[in-house]
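Single-structure report; data block below.
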2 protein chains.
Amino acid sequence: MSKLKPAPTLDDVARKAGVSTATVSRCLNTPDRVVEATRKRVQSAIEALGYTPNFAARVMAAKRTFTIGAIIPTMENAIFARGLQAFQEELHQHGYTLLVSSSAYKPATEEEQIRTLVARGADGLLLIGHDRAPHIYEFLQRRDIPALVAWSFSPDGRLPSIGFDNRAAMYELAQRVFDLGHRRLAVISGITHGNDRARLRLDGVRDAVRQRGLDPQGLQVIETPYEIENGADAFARLMSQDTPPTAVMCGNDVLAAGALLRAQDMGLKVPQDVSITGFDDIELARILRPALTTVHVPHREMGGKAAKALIEMVEKRAPAAGEHLFTHIVERQSLGPANSA
Amino acid sequence: MSKLKPAPTLDDVARKAGVSTATVSRCLNTPDRVVEATRKRVQSAIEALGYTPNFAARVMAAKRTFTIGAIIPTMENAIFARGLQAFQEELHQHGYTLLVSSSAYKPATEEEQIRTLVARGADGLLLIGHDRAPHIYEFLQRRDIPALVAWSFSPDGRLPSIGFDNRAAMYELAQRVFDLGHRRLAVISGITHGNDRARLRLDGVRDAVRQRGLDPQGLQVIETPYEIENGADAFARLMSQDTPPTAVMCGNDVLAAGALLRAQDMGLKVPQDVSITGFDDIELARILRPALTTVHVPHREMGGKAAKALIEMVEKRAPAAGEHLFTHIVERQSLGPANSA
DNA sequence: TTGTAAGCGTTATCAA
DNA sequence: TTGATAACGCTTACAA
């Protein structure tokens, strides 16, 4: 049996430096309340012992963790990674640590993760989108945990949000599609259940359809999880009909990439034979040929601002004002005029 | 001012159920040591109060966090996401929680993350690759923190590892390239500094070059961070020379995707004009046209086994035996015979 | 099967 | 400026 090597404690440091534990604690947390000489002595004791504060003990005593939790739908899609990166950088600047977990787009999993993070003492929570069971909001409220929603702005959500208007963004893109003469549109959407971003994007298309005096019932929609292959398969299904659409609007760039690549396989020229649009403007959108016409989302800006707002909520214990960020259409080559045939 | 609502404690539950705190604790941790009737009473008290155990307090008392930390190079690349998903699922099954952070491929950041995770009481650590400063290994050893390396198997690393032989895998693929008649190879590699996976893959190609009696000095290599666009740019540089390579081997699929897409832009037919290979076999590899010939890595198997091994290390306090996983070449269309021209 | 009570390593209040 | 000391909420011998 190897001997156990318990980590050195505040007490060890205090003894070695010939001071009380309170003084050591002060050296760590409010160094300006300790005289130079003492501080130095403590400092070297800390280094000699290789002391690191025990996180759990600190949390218990201070009732603060300096930890922010974030629950994202998936780690497998770069969309969230980028925004979260900015989020975490900003947190780090303010001395906070980020705890991430992913819900795999499952509401039940998300709820479990929320409880876990709260039990672990997260000082605040970042959530994606507004769609979740009311009792979760009540739980958060009862526990008095500051929480903020990102990726979807809504002035009247239960929680303040920093994000963009998914519906308006997609509406604008659909208008552009109509302007180019398209009339037979189809949508490859993400799963809308429990996902307001997906639902609102779809609603945006429907708004435009109605606005043009067309029948929203006539709009073909395939819902499928956000994976390249699913986009490809949905596209194939759409295009193998008697009167295929002239434009396929996709719920995000991943789905659109699948559609685009499958179009190649099917010998369809984009945008001559069919137009394809995406959403998010990830790296892939720029590199595909034809490059993807899509909606640019300010992921990094969103992450950074979300961090600032959440820290504000945590430290001031005040509800944050939400913030409406703007998206814009990036016109590239995958969207063209409708084939007049 | 709103009234503070402190979270209910074990004590609250005990009082409400008319038992001692010890009994409530047992209901939570060793339910079989409590009689049915009592357990039920406690259970409903817990529900009525909406009690959740305080993590920090539990950690302090039990000296276990049931938390495993993992530090990966990046969240922005799906390669790690998939393996980590399996890792986390397996951990979850055993009641452990995963704490992930990313180092952005920076050794200094990785070290900081390791210290943070240890301070937070991680029961064990998953690290990617073997390349790191010796004092980090010493720190881990002093603190007696079980740690395991994944994504790179090496029988004589400082830490046990579960992964594959990056060098042998790439060697095998290079041999296949040579078998197809290629003689002018080039490599688009990831940055090798501090990244043994990247370095070993490159070494694998060099081994094959030497084995064929060719001069390894003659092998053209571009090192660049793993991003689609970097792959594209490196490819363009490679192909705009007087005597361009007939085959470009890429350090991973992301780089290869960039190369492939740029080839299209340049009007080069793959594999007729130039062959391209990848590494990892991510989703994108299958969907690209031509589909990518690459090395399949058992990410999910690796994640699952790493979790099992690490839990074993944590619970038995015994060093785990590493495990050598196997990769295999997936032949698709991006690699063809050398153009005899 | 259940209860009592002693820690666990900090922070923070109050005195000195 | 520093030192005692009481929390913090839980687990776990040990006792009953």
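Residue numbers start from 1 in every chain, and the chains themselves are labelled A, B, ... in the order their sequence lines are given, proteins ahead of strands.
For A:Ala22, the side-chain atoms get nearest to D:dA4 when compared with the rest of C:dT2, D:dA4, D:dC8. Checking D:dA13, D:dT1, D:dC10 against the side-chain heavy atoms of B:Arg26 singles out D:dA13 as nearest. Relative to the side chain of B:Ser20, the nucleotides D:dC10, C:dG3, C:dT11 differ in distance, and C:dG3 lies closest.
A:Gln88 and A:His92 share no donor-acceptor pair across their side chains, judged by distance under 3.5 Å alone.
Contact check, A:Lys63 against D:dA7: no side-chain N or O comes under 4.0 Å of OP1 or OP2. Between A:Asn29 and C:dT11, a side-chain N or O to OP1/OP2 separation shorter than 4.0 Å is present. Neither OP1 nor OP2 of C:dT10 sits under 4.0 Å from any side-chain N or O of A:Ser25. Regarding contacts with the backbone of C:dT2, a side-chain N or O of B:Thr38 is found under 4.0 angstrom from either OP1 or OP2. Considering only side-chain N and O atoms, B:Arg33 lies nowhere under 4.0 angstrom from the phosphate OP1 or OP2 of C:dT1.
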Show me the donor-acceptor pairs, under 3.5 Å and distance only, between side chains in residues 39-51 of chain B and residues at least two apart or in other chains.
residue	atom	partner	partner atom	Å
B:Arg41	NH1	B:Ala17	O	2.6
B:Ser44	OG	B:Lys40	O	3.2
B:Ser44	OG	B:Arg41	O	3.0

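Between the axis at the start and the axis at the end of the helix from C:dT1-D:dA16 to C:dA16-D:dT1 there is an angle of 30°, using five pairs per end and rounding to 10 degrees.
In this structure, CG of A:Asn54 is placed 5 Å from P of C:dT10, rounded to the nearest angstrom. Residue B:Phe55 contributes atom CZ, which lies 19 Å from atom P of C:dC8 at whole-angstrom precision.
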Q) Between A:His299 and A:Gln85, does a side-chain hydrogen bond (donor to acceptor under 3.5 Å, both in side chains) hold up when you go through it step by step? A) CA-CA 9 Å; A:His299 294 292; A:Gln85 187 67 31; over 6 Å; no
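A:Phe66 has its ring centre less than 6.0 Å from the ring centre of A:Tyr96.
Checked against ring-ring contact (aromatic ring centres under 6.0 Å, His included), A:His193 has no partners two or more places apart in sequence or in another chain.
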